[in-house]
Each structure stands twice: as structure tokens, then as C-alpha cells.
Amino acid sequence: RALLTITAALILAASAGCGSSAPKATPEVKVVNPPPAPGHRLLAEFDDGVGAVQEGASAPIWREPDAVAALDGSAVFSIRKGDERADQLVRLDPRSGSVVSESSVPTHLSVSAVAPTGRWVAMTDRTPGYGSQGRVSTDLYVFAGATGTVSAPIDLKGDLQPEAFSTDGRSMFTLSYFPDHYRVETIDVATGDHYDTSARDKGPVEDMHGHAIHGVLSADHTLLATLYRDPTDAGAPAFVHVLDLQNGWSYCADLPEPFGTGAPGSDAIQLLRGDVVEVATTGASRIAEVRIDAVHTPSSPVTVTYRTGTIAPPPASLTAISGFDHVIASLPTE
């Protein structure tokens, strides 16, 4: 656990925790909406995949089941079924959903993580979705966007779900599932060796619990901050888990009640300028601001400040779309 410095607002101690969220595997055909109403185009997470939406429209512009996006909205990948020998890893245009490129991959894989710009894509033989699957081993494949090549399978012991790549692509951060908890592990992509991801303060690695709301990526793509709820922890029913993708360590900031105690969907996270993460519990009109940039420097305290307020929810037209979960990123205009 790391100490948080005192600011004008209350500050709490930080703890460790980890998790992730992903679309469920629900068969669905891709749909194209009629010309959308005027409005800004957004990349969105759905309960079964990824799609693009537009403010004022009543349906997605496009929607792809089991697709996974880079958290900055720069790339979207999905696997489409082929013949008995190979499937197709397709890269989709985030604005239109049209296929930009495709590569043959072994059958029975799913996309787990996408690096910004589609530089690397992690695929495994796990069933799409997060959570324990009771596996004793996991096959990992890495697609290199620059060359269009797929690595040989990396045989990993345990039930592992890739979550993010390091900034140089040499390592990957994964969730390692056990029957009643999970841990964050680091994989050496070249060797397949995997080990517990160290805490920023080099403290002992803990067993993790809870489930993710969703994550945001810092502007320079070096920090991944994910909001989690853990209703079993009365002292910290919510927390922000930060992965340092540059230095290879993790950090957690505990959030007290009322965070994590409201109805499902009442907690939100967004990235502000200056690598400040803002977390809101809308039902209680309470906001926590976490300075995640300090995670890069172990000697710097990570400040968390609290104030009254809330994060504006997505427009009602978007939340009314079946399966809409949250906005991933704003898409550039053509």
C-alpha cells in the first residue's frame, strides 16, 4: 500500500487490486444504420463487442460482435470465422466499420488486447470474455501490425487473460485467474516467462478481487487506469488500478464510500488534461481526482482529492441503444 499526500480535500491510503472487463460472446450480425443524424461520432463499447455511434442517432452506425478496440480509439480488431483450417483477423475502420486489412490466424482464437494504432494485437484460445474459465493453460498469439505477421503460439501455464502491452511491446500484462481471486502478471513475449507484476513501491503482491467498470489510457499511452468495484470490501468498495506500461509496475488507489456502493452504472471514470483521472459516483454526487502521472516516479506521492460534483452521463439517445455500455473514445472527423 502506498501513502497519498494531503491536499485541500481528504486523502486516503492506496491498496492493490486488479481486474478487467470485456464484451460477452453473443452471436449477432453486424448492422448498419441509415444515415445518422448530425452529431459527433464516437467509438463505443457494447455488451457484446464494439461499434460506432453518433449523437442523436437511434442505432449504431456499425457494430461488430467480439471486437476489441485500443483504448484511444485508434484501432479495432475482430476475428471472423473462416474454414476449418484458419479464421481471419480483421482490422476495422473505427468510423465506418469497414475492413481495412485481414490476416489468417489459427481457428478458435479471440482478440484480448489491442495496442494503440494497432501496433500489436493479443489473441488467445480462451472463450471471449473475462473471468475465470478454469483453464490449466492458455495459448497466446501476438499479431504485429507493422509486418502483418502472427507469432508462434506461446504456451502459458494457467488461466491468463491479456490486458495490455508494454510501450515497447516486449512485455504484456495479464490477469491470472484462480478459483476465488486473480493476480496481475507480466509476460515476457520473447520467452513466454510470466511472473507477478510488482507494485510501484515493491511491496508484497496481493490476491485481487472485484470487477472492472472500464479503463482509460493516458495521453502518451504510458498509463492504463481502470476503475473497479469490490462490494466485498467495506473499507474500499471501489479503487483505481493503474498499470505503468513503461516501467512495468502497478499501483492502486482505494476509494471509500460512497464510491462503489451505488446501483450498477452509477460509477464513472474519465481522463482529464494533465493525466488526471476523474471518478464520479453519480448517485451521491461525489468526485475523486487521481493524479496518475505520479505513478511513474516511486518517490512521488499519488494524490487523490475529493469534491462534490458528477460526470455528465452519455446522451440519452446513446444509452437507449440496446447493449450500449460506455464511450471508448471520440473519433476524428473525416
Side-chain angles (χ1 to χ4, degrees), residues 1-2 4 9-25 45-48 71 128-134 159 161 163-164 173-185 196-197 199 203-216 224-243 250-271 277-290 292 302 304-311 313-314 319 323-327:
R1 294 178 181 266
L4 306 179
L10 295 176
I11 308 299
L12 290 183
S15 67
C18 201
S20 190
S21 60
K24 299 176 182 178
E45 184 87 13
F46 288 86
D47 59 8
D48 64 349
L71 289 183
Y130 281 64
S132 175
Q133 297 182 4
D159 190 357
Q161 175 69 37
E163 190 170 42
F173 302 99
T174 71
L175 305 182
S176 181
Y177 291 106
F178 300 88
D180 61 350
H181 67 277
Y182 56 86
R183 285 193 170 197
V184 182
E185 292 191 354
D196 287 334
T197 301
V205 177
E206 298 183 28
D207 295 342
M208 313 301 179
H209 304 87
H211 65 276
I213 306 305
H214 66 86
V216 293
L224 170 60
T226 307
L227 172 64
Y228 297 88
R229 287 170 59 115
D230 182 9
T232 66
D233 188 338
F239 57 89
V240 175
H241 179 257
V242 185
L243 273 174
S250 66
Y251 180 88
C252 281
D254 280 344
L255 301 177
E257 294 185 17
F259 297 94
T261 60
S266 61
D267 295 292
I269 183 172
Q270 66 180 8
L271 181 71
V277 163
E278 187 175 67
V279 176
T281 175
T282 56
S285 298
R286 193 72 171 152
I287 284 180
E289 291 186 355
V290 186
I292 63 172
V302 178
V304 182
T305 62
Y306 299 92
R307 59 183 172 84
T308 300
T310 189
I311 294 175
T319 57
F324 173 85
D325 190 272
H326 65 269
V327 171

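Just so it is clear, the structure is predicted and the values come from calculations on it, not from any experiment.
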ask   = If you measure from CD on E185 to CD on E163, what distance do you get to the nearest 0.5 Å?
value = 12.5 Å

query = Any side-chain heavy atom of D47 sitting closer than 4.5 Å to one from D325?
reply = no

inquiry  = Let's go through R183 and D196 carefully: what are the C-alpha distance in whole Å and the side-chain angles of both, what is the deciding distance for side-chain contact (heavy atoms from CB on, under 4.5 Å) to 0.1 Å, and is it a yes or a no?
reply    = CA-CA 7 Å; R183 285 193 170 197; D196 287 334; 2.8 Å; yes

request  = Answer yes or no: is there a side-chain heavy-atom contact under 4.5 Å between E206 and H181?
outcome  = no

key: Heavy-atom side-chain proximity of T226 to L243 below 4.5 angstrom   = no

task = On the 0 to 90° scale, with breaks at 30° and 60°, tag the F259-Y306 ring pair as parallel, tilted or perpendicular.
result = tilted

ask   = At what distance, to the nearest 0.5 angstrom, does CD1 of I287 lie from CD of E278?
value = 4.0 Å

ask   = Do E257 and P237 have side chains that get closer than 4.5 Å, going by heavy atoms?
value = yes

ask   = Ignoring hydrogens and geometry, is there a side-chain-to-backbone donor-acceptor pair from Y251 to V242 under 3.5 Å?
value = no

Short side-chain to backbone donor-acceptor contact, R229 and G262, under 3.5 Å = yes

ask   = Taking atom CG of L175 and atom OG of S132, what is their separation to the nearest 0.5 Å?
value = 11.5 Å

key: Interatomic spacing from CD in Q133 to CG in D159 - rounded to 0.5 Å   = 6.0 Å

